Amino acid sequence: MKALTGKNLLQNLTQIRFNHARALMQVTDLQIKTIASNVGFRSFPSFNRQFKQLYKETPKEYHKKASKKAEPTLAFQIYMYMTENFKLDLSLSSLEKVFFTSRKNIEQALQTTFQMNARELATFIKISYTKSFIQTTSLSFSQISDLAGFTSVRSFNRAFLGEVGMTPREYKKSLPE
């Protein structure tokens, strides 16, 4: 990873999380603390400190400036659609039909904004929801998998491990009680 990007895995993941946070700040009126939590930061003060180090302004300053933009871009429209419809088919062919544009335009918009393709973004969103379910409910992993729209528990476990770096069971055990 470091040879490709010049950053280690954690640095790349942090950068992706900040890209998502900045994207949400541009198109929503969510509180910054909610955005930080939604993109995977456990500590709001840490989010603020790292954001300011990276972008030379506070998240509040960025949000105020960025939210003045009139129209959300295609990438943000897709992101919002995916977060609202994460249980549906989020394949490129279905997104083409919803947004009346080509696969190439969709992939290019997502790659430019989020440094992810459509499948990676859909997985990121689904895993974010499953993490919330694991943290706040006593549902079984099978039920959580179904709620998030995974086709099987096996595909859920594989996606979770790839995104979080541990299995859902290990993640649940790592949570404070």
Side-chain angles (χ1 to χ4, degrees), residues 12-42 47 59 62-63 66-168 171-172:
N12 280 306
L13 180 59
T14 300
Q15 184 62 54
I16 290 168
R17 287 178 175 158
F18 277 120
N19 289 345
H20 286 251
R22 291 173 69 208
L24 287 172
M25 287 181 204
Q26 291 181 26
V27 296
T28 69
D29 290 329
L30 290 174
Q31 292 182 352
I32 295 169
K33 191 172 188 175
T34 303
I35 291 172
S37 175
N38 285 347
V39 299
F41 285 90
R42 286 191 175 177
F47 171 79
Y62 179 84
H63 187 254
S67 63
K68 291 181 181 176
K69 293 185 177 181
E71 286 291 317
T73 65
L74 175 62
F76 300 122
Q77 291 173 5
I78 294 169
Y79 182 86
M80 296 309 292
Y81 175 80
M82 287 177 150
T83 59
E84 293 168 3
N85 300 286
F86 64 93
K87 288 180 71 172
L88 301 178
D89 174 21
L90 297 176
S91 65
L92 276 173
S93 60
S94 69
L95 293 173
E96 280 179 304
K97 293 172 187 167
V98 170
F99 292 98
F100 304 105
T101 191
S102 71
R103 291 172 184 238
K104 183 180 177 185
N105 286 345
I106 291 169
E107 287 290 9
Q108 188 174 29
L110 294 177
Q111 194 64 45
T112 300
T113 305
F114 301 111
Q115 289 78 50
M116 292 182 167
N117 63 37
R119 185 180 325 128
E120 292 167 335
L121 184 59
T123 300
F124 176 84
I125 291 166
K126 286 181 177 191
I127 295 302
S128 295
Y129 279 103
T130 63
K131 285 168 60 178
S132 295
F133 292 141
I134 291 169
Q135 291 170 11
T136 60
T137 70
S138 59
L139 296 172
S140 71
F141 295 126
S142 176
Q143 292 169 311
I144 291 171
S145 170
D146 288 342
L147 285 171
F150 284 96
T151 55
S152 70
V153 175
R154 184 172 184 218
S155 65
F156 163 57
N157 284 332
R158 203 177 11 213
F160 197 97
L161 179 62
E163 190 71 35
V164 181
M166 60 179 84
T167 66
Y171 178 76
K172 187 168 188 147

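Bear in mind that the values here come from a model prediction, so they are computed numbers and not experimental data. Residue numbers run from 1 in the order of the sequence given.
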* To do: Output, in order, the C-alpha distance, side-chain angles, deciding distance and verdict of ring-ring contact (aromatic ring centres under 6.0 Å, His included) for Tyr81 and Phe99.
  => CA-CA 10 Å; Tyr81 175 80; Phe99 292 98; 5.6 Å; yes

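- For the pair Leu95/Met82, a side-chain contact is recorded, criterion being any heavy-atom separation below 4.5 Å from C-beta on.
- The only option from Phe133, Tyr129, Phe150 that meets the ring pair (Phe, Tyr, Trp, His ring centres under 6.0 Å) definition with Phe156 turns out to be Phe150.
- Taking CD1 of Ile127 as the reference point, atom CD1 of Ile134 lies at 8.0 Å (rounded to 0.5 Å).
- Residues Tyr171 and Gln135 have side chains in contact (heavy-atom distance under 4.5 Å, counting atoms from C-beta outward).
- Shortest non-hydrogen contact noted between Phe114 and Ala75 is CE1-O, 3.7 Å.
- Other residues, nucleotides and ligands contribute over 12 non-hydrogen atoms within 6.0 Å of the NZ atom of Lys172.
- Inspection of the Ser142 and Ser140 side chains reveals no N or O donor paired with an N or O acceptor under 3.5 Å.
- Smallest separation of non-hydrogen atoms from Ala118 and Glu107: N-OE1, 3.2 Å.
- For the side chain to side chain contact (heavy atoms under 4.5 Å, CB included) test with Asn85, the passing option among Leu88, Asp89, Thr83 is Leu88; the others fail.
- Looking only at distances, no side-chain donor or acceptor of Ser37 sits under 3.5 Å from a matching main-chain atom of Lys33.
- Partner Phe160 forms a side chain to side chain contact (heavy atoms under 4.5 Å, CB included) with one of Ser155, Pro168, Ser145 and no other, that one being Pro168.
- The shortest distance between side-chain heavy atoms of Pro59 and Arg22 does not fall below 4.5 Å.
- Judged by distance alone, the side chain of Glu120 and the main-chain N or O of Asn117 form a donor-acceptor pair under 3.5 Å.
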